[in-house]
Amino acid sequence: MSAAQGRTGRVGVGVIGAGVISNEYLKNLTAFPDLDVRFVADIDLARAQAQAEKFGVADSGTVEQLLADDAIEIVVNLTIPKVHVAVALDVLAAGKNVWSEKPFALDRASGQQLLQAAHAQGLRVATAPDTFLGSGIQSARRLIEHGDIGAPLTALTLMQSPGPESWHPNPDFLFQEGAGPLFDIGPYYLTALVQLFGPVARVSASASRARETRVIGSGPRAGEEFAVTVPTHVSALYEFESGQTAQSVFSFDSKLKRTQFEVAGLEATVVVPDPNTFEGELEVHDAEGIHSVPSTGTTDTRGIGVVELARAIRAGVPERASGEQAYHVLDIMVSTIEAGETRRPVEIESTVQVTPALAEDWDPLAATLV
Ligand SMILES: NC(=O)c1ccc[n+]([C@@H]2O[C@H](COP(=O)([O-])OP(=O)(O)OC[C@H]3O[C@@H](n4cnc5c(N)ncnc54)[C@H](O)[C@@H]3O)[C@@H](O)[C@H]2O)c1
């Protein structure tokens with residue numbers, strides 16, 4: 001029996017992975033009235049206990065203890081990318097729904113395995129990013145769907161930085177399989193592009209790596225050298241099923257830090273807020289000049305997708321940050337690397353039905369399930 005059947009009221013949540021990003025998640029999840037955060041688990045038990053105490057969560061301990069709590073219906077998986085799928089499969093086997101941090105999986109086969117396991121159990125595997133549910137991208141979607149830039153034609157997206165090894169205390173995983181700029185930051189940009197233009201049909205790309213090793217810049221391991229095993233500069237040309245196109249750069253090889261996300265339409269170009277954030281103004285360039293357009297919608301941050309998932313479970317409707325969307329984004333990323341390696345365009349086999357935009361007054365802080 002699926003975890004949702006017959007249940008009402010707030011949705012019980014457990015968190016696995018008490019590292020850097022658990023701070024933002026636990027702060028937010030414990031503030032959403034529709035969620036009941038009950039347990040924090042980690043292989044580092046002291047870390048799990050410290051995070052539970054810091055955020056007023058009643059229990060902490062091992063993953064097995066968390067999975068034994070019947071009142072937990074959604075498990076938020078904040079582990080490192082290479083164990084995302086294994087942890088998620090254990091969660092599904094325990095009869096619980098999964099919210100996973102990105103990337104959804106590292107390869108197509110394990111992504112498919114996850115979707116099939118969830119389907120077979122009548123459970124859900126929803127995933128980050130949920131930034132696209134924030135006011136920035138939702139307002140961009142509403143503006144474009146309202147026809148304010150005319151027919152949307154092309155997008156340009158840039159994400160350039162020197163890389164996260166200067167500030168993250170354990171940055172090795174960010175330069176290994178499942179990360180690098182494409183897998184680590186790409187999901188924010190590609191999910192936003194899919195939300196605005198629909199599914200991607202084809203990709204051409206180039207991919208390169210500036211250095212074989214990098215050095216940790218902060219924390220107890222500062223000065224330690226680690227291997228870089230994935231491309232650190234990727235540039236791609238995406239063709240969408242709709243006929244629209246996007247050019248994207250994902251780079252950890254640039255001393256210049258820059259993010260840009262713009263959509264050119266027949267009548268105007270809109271500059272969209274950084275899709276790795278939840279809010280920000282839109283800037284519309286048209287024949288009359290440049291206008292700022294405030295974004296509207298929720299300004300809450302990481303974890304709003306968990307609330308949306310909880311409400312979708314109770315309502316029996318599809319969640320917006322779905323596993324199907326995440327699988328399509330994974331397929332795009334894997335295909336981008338393949339296109340870079342083979343220097344040939346790659347056809348994207350998966351597709352996705354884009355879910356409707358959120359209502360402007362959608363509020364994760366409202367108590368709708370109590
Ligand atoms: N750090 C950020 O700014 C950030 C932002 C957005 C998303 N993310 C994503 O969040 C995830 C976690 O990132 P982080 O920066 O918090 O990493 P982190 O290394 O700080 O934390 C990961 C935690 O998971 C635990 N863990 C690893 N394997 C486990 C297992 N099998 N069972 C239980 N616990 C396990 C580790 O002990 C650690 O405490 C990654 O997927 C990352 O892409 C991170």
Side-chain angles (χ1 to χ4, degrees), residues 2 16-17 74-94 96-132 173-174 176-195 198-203 205 207 229-231 234 236 238 240-241 248 250 305-306 309 312 318-342 346-355:
S2 92
I16 301 181
I74 300 175
V75 176
V76 175
N77 177 8
L78 307 181
T79 59
I80 53 173
K82 71 177 177 198
V83 299
H84 280 174
V85 170
V87 169
L89 288 171
D90 286 347
V91 172
L92 292 170
K96 301 178 189 306
N97 302 285
V98 181
W99 172 272
S100 194
E101 246 309 326
K102 47 81 193 164
F104 177 61
L106 304 192
D107 53 65
R108 295 187 187 99
S110 57
Q112 283 286 2
Q113 189 188 1
L114 208 46
L115 287 183
Q116 281 159 12
H119 188 68
Q121 293 254 63
L123 293 165
R124 306 179 187 226
V125 277
T127 69
D130 52 0
T131 38
F132 77 91
F173 80 85
L174 293 167
Q176 286 155 14
E177 198 193 357
L182 179 63
F183 277 73
D184 186 44
I185 310 291
Y188 299 106
Y189 287 78
L190 295 168
T191 303
L193 284 170
V194 168
Q195 282 281 311
V200 175
R202 189 175 303 102
V203 55
T229 62
V230 290
V234 176
Y238 296 110
F240 292 76
E241 287 179 15
S248 298
F250 308 97
V306 184
L309 169 65
E319 70 282 358
R320 285 179 166 78
S322 68
E324 283 72 20
Q325 177 170 273
Y327 180 79
H328 182 59
V329 169
L330 170 72
D331 194 11
I332 298 169
M333 295 192 296
V334 174
S335 302
T336 303
I337 296 293
E338 286 171 357
E341 281 168 354
T342 61
V346 174
E347 305 290 324
I348 312 280
E349 283 179 14
S350 63
T351 187
V352 68
Q353 187 91 33
V354 175
T355 47

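Values in this document were obtained by computation on a predicted structure and should not be read as measured data. Sequential numbering from 1 along the given sequence is applied to the chain's residues.
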All heavy atoms of Pro199 vs all of Val352, minimum pair found to be CG-O, 3.5 Å
Check: Val98 and Val75 side chains under 4.5 Å, non-hydrogen atoms
no
Euclidean distance, Ser322 OG relative to Gln353 CD, rounded to 0.5 Å
10.5 Å
Check the surroundings of atom CD in Glu241: do more than 12 heavy atoms from other residues, nucleotides or ligands lie under 6.0 Å from it?
yes
Heavy-atom side-chain proximity of Lys82 to Glu177 below 4.5 angstrom
no
For the student: nearest non-hydrogen atoms of Pro103 and His84, plus distance
O-ND1, 2.8 Å
Grab the two heavy atoms, one from Gly178 and one from Leu106, that are nearest each other, plus how far apart they are.
CA-CD2, 3.2 Å
Which atom pair, heavy atoms only, marks the closest approach of Gly111 to Leu330?
CA-CD2, 4.3 Å
Straight-line distance of Gln325 CD to Thr355 OG1, nearest 0.5 Å:
6.0 Å
Dump the intermediate steps for side-chain contact (heavy atoms from CB on, under 4.5 Å) on Thr127 and Lys102, then the final yes or no.
CA-CA 7 Å; Thr127 69; Lys102 47 81 193 164; 5.9 Å; no
Please step through side-chain contact (heavy atoms from CB on, under 4.5 Å) for the pair Tyr327 and Val125, ending with a clear verdict.
CA-CA 10 Å; Tyr327 180 79; Val125 277; over 6 Å; no
What distance separates Leu309 CG from Asp130 CG, expressed to the nearest 0.5 Å?
10.5 Å
Quick one: CH2 on Trp99 to CG on Leu78, what's the gap to the nearest 0.5 Å?
10.5 Å
Report yes if the side chains of Asn77 and Val91 come closer than 4.5 Å at any heavy-atom pair, otherwise no.
no
Between Val83 and Phe173, is any pair of side-chain heavy atoms under 4.5 Å apart?
no
CG (Asp90) and CD1 (Ile16) are apart, to the nearest 0.5 Å, by 8.0 Å
Would you say the side chain of Phe183 lies within less than 4.5 Å of the side chain of Val230, judging by non-hydrogen atoms?
no
If the test is side-chain contact (heavy atoms from CB on, under 4.5 Å), which one of Ile348, Val234, Asp331, Val346 qualifies with Thr336?
Val234
Look up atom CZ in Arg108 and atom CD in Glu338, then write down how far apart they are to the nearest 0.5 Å.
4.0 Å
Close side-chain approach of Val194 to Val354, heavy-atom, < 4.5 Å:
yes
Tightest non-hydrogen contact, residues Pro129 and Ala321, listed as O-CB, 4.4 Å
I'd like to check Ile337 versus Val334 (side-chain heavy atoms, cut-off strictly below 4.5 Å). Are they in contact?
no
Give a yes or no answer on whether the side chain of His328 reaches the backbone of Val200 with a donor-acceptor pair at less than 3.5 Å.
yes
I'd like to check Glu347 versus Val203 (side-chain heavy atoms, cut-off strictly below 4.5 Å). Are they in contact?
no
